[in-house]
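The residues of the chain are indexed from 1 along the displayed sequence. Note that the structure is a prediction, hence the values are computed from the model and not measured.
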Amino acid sequence: MEPSTWLLAALATVAFLYAGVGHAGASGYIAVLALAGFAAAEIRPLALVLNVLVAGLASWQFIGAGHFRRAVFLPLALASVPAALVGGMVALPGPLLQRLIGVVLLLSAWRLLRPALPEPSAAAVPGPLGLGLTGGLLGLLAGLTGTGGGIFLTPLMILRGWLAPRQAAAISAPFILVNSLAGLTGLLIARGPAALPSLALVGPMALAVALAGALGAYGGSRRFSPLWIRRLLALVLVVASGKLLGLGG
């Protein structure tokens, strides 16, 4: 089976939009693949494979542009990876939890569009324990939902005044990368190598999202203004919440 032109274009659009804010697009890929009629068992591994690719490209661009903060990233990642591994080994959460998360993302999108937001301050960033607890919770959600967790982490960091938009994106991209790898590993442990999509199917998709994701990550890390990053992030959150609320098929 080879993906259609419209499907590749839709996946590329998702990759461009998400990579511009340091995300990789899993929730968008899930929505697009569901609309295209893919079976649920195929969607999760496909989304995670594409997520790993785009998250790697976004990490390279945002870290290379000098926005990365190692002291914030390490506690988050060290706690999130084992939690995402566990989450990837179990079934998706029930409809009630998915819809609750969808509402939270919608509220976050609305808040990001308001003019007054907290000014980033080093004093607002939790200590290693607080970051570790945050990373563990978000890692579990990442594994359960088949995403990298950045859809939850980026708005949290911006709305709590931890980091500026580009700095938050530079943390979220590698956070998504390590959690997507952990979630994919958990899926493989639970379902075996047969869970991986065929090269004929994932190859064209990977090429499309890689090209678009590289362009989006370059724009987000070096060209887009912080205000436009906030607006783009709000759009990404609306897309993700629509899927979780059952509006994406």
Inset, instruction - Check whether the side chains of S221 and H67 place a donor and an acceptor atom closer than 3.5 Å, and report yes or no. - result: no
Inset, instruction - Mind running side chain to side chain contact (heavy atoms under 4.5 Å, CB included) on V32 and F38 for me, showing each step along the way? - result: CA-CA 9 Å; V32 169; F38 282 79; over 6 Å; no
Inset, instruction - Kindly assign one of parallel, tilted or perpendicular to the pair F224 and F16, based on the angle between their ring planes and the thresholds 30° and 60°. - result: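 Perpendicular: the ring planes of F224 and F16 meet at over 60°.
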Give the minimum heavy-atom separation between [X] and [Y], together with the two atoms involved.
X: A170; Y: I63; answer: O-CG1, 4.4 Å
X: A200; Y: P3; answer: O-CD, 4.2 Å
X: S27; Y: I151; answer: OG-CD1, 4.4 Å
X: L46; Y: L33; answer: CB-CD1, 3.9 Å
X: F62; Y: G20; answer: CZ-O, 3.7 Å
X: V236; Y: L17; answer: CG2-O, 4.0 Å

Is it true that a side-chain atom of [X] and a backbone atom of [Y] form a donor plus acceptor pair closer than 3.5 Å?
X: S180; Y: L177; answer: no
X: S80; Y: A77; answer: yes
X: Y18; Y: L233; answer: no

Using side-chain heavy atoms (C-beta onward) and a distance below 4.5 Å, is [X] in contact with [Y]?
X: V209; Y: V14; result: no
X: L138; Y: T134; result: yes
X: P45; Y: R191; result: yes

Inset, instruction - Could you work out the complete set of other residues in the hydrophobic cluster of L207, with links drawn between I, L, V, M, F, W and Y side chains under 4.5 Å apart? - result: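 Members besides L207, by chain and number: L211.
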Inset, instruction - Compute both the distance and the angle, then confirm whether R160 meets the cation-pi test with W162: under 6.0 Å from the six-membered ring centre, within 45 degrees of the axis. - result: no
Legend entry - Full working for side chain to side chain contact (heavy atoms under 4.5 Å, CB included) between V125 and L131: CA-CA 8 Å; V125 181; L131 289 171; 4.3 Å; yes
Inset, instruction - Tell me, yes or no, whether the heavy-atom count around L227 atom CG, taken from other residues, nucleotides or ligands under 6.0 Å, exceeds 12. - result: yes
Legend entry - Chi angles and distances behind the ring-ring contact (aromatic ring centres under 6.0 Å, His included) call for F68, F73: CA-CA 8 Å; F68 186 64; F73 171 74; 5.4 Å; yes
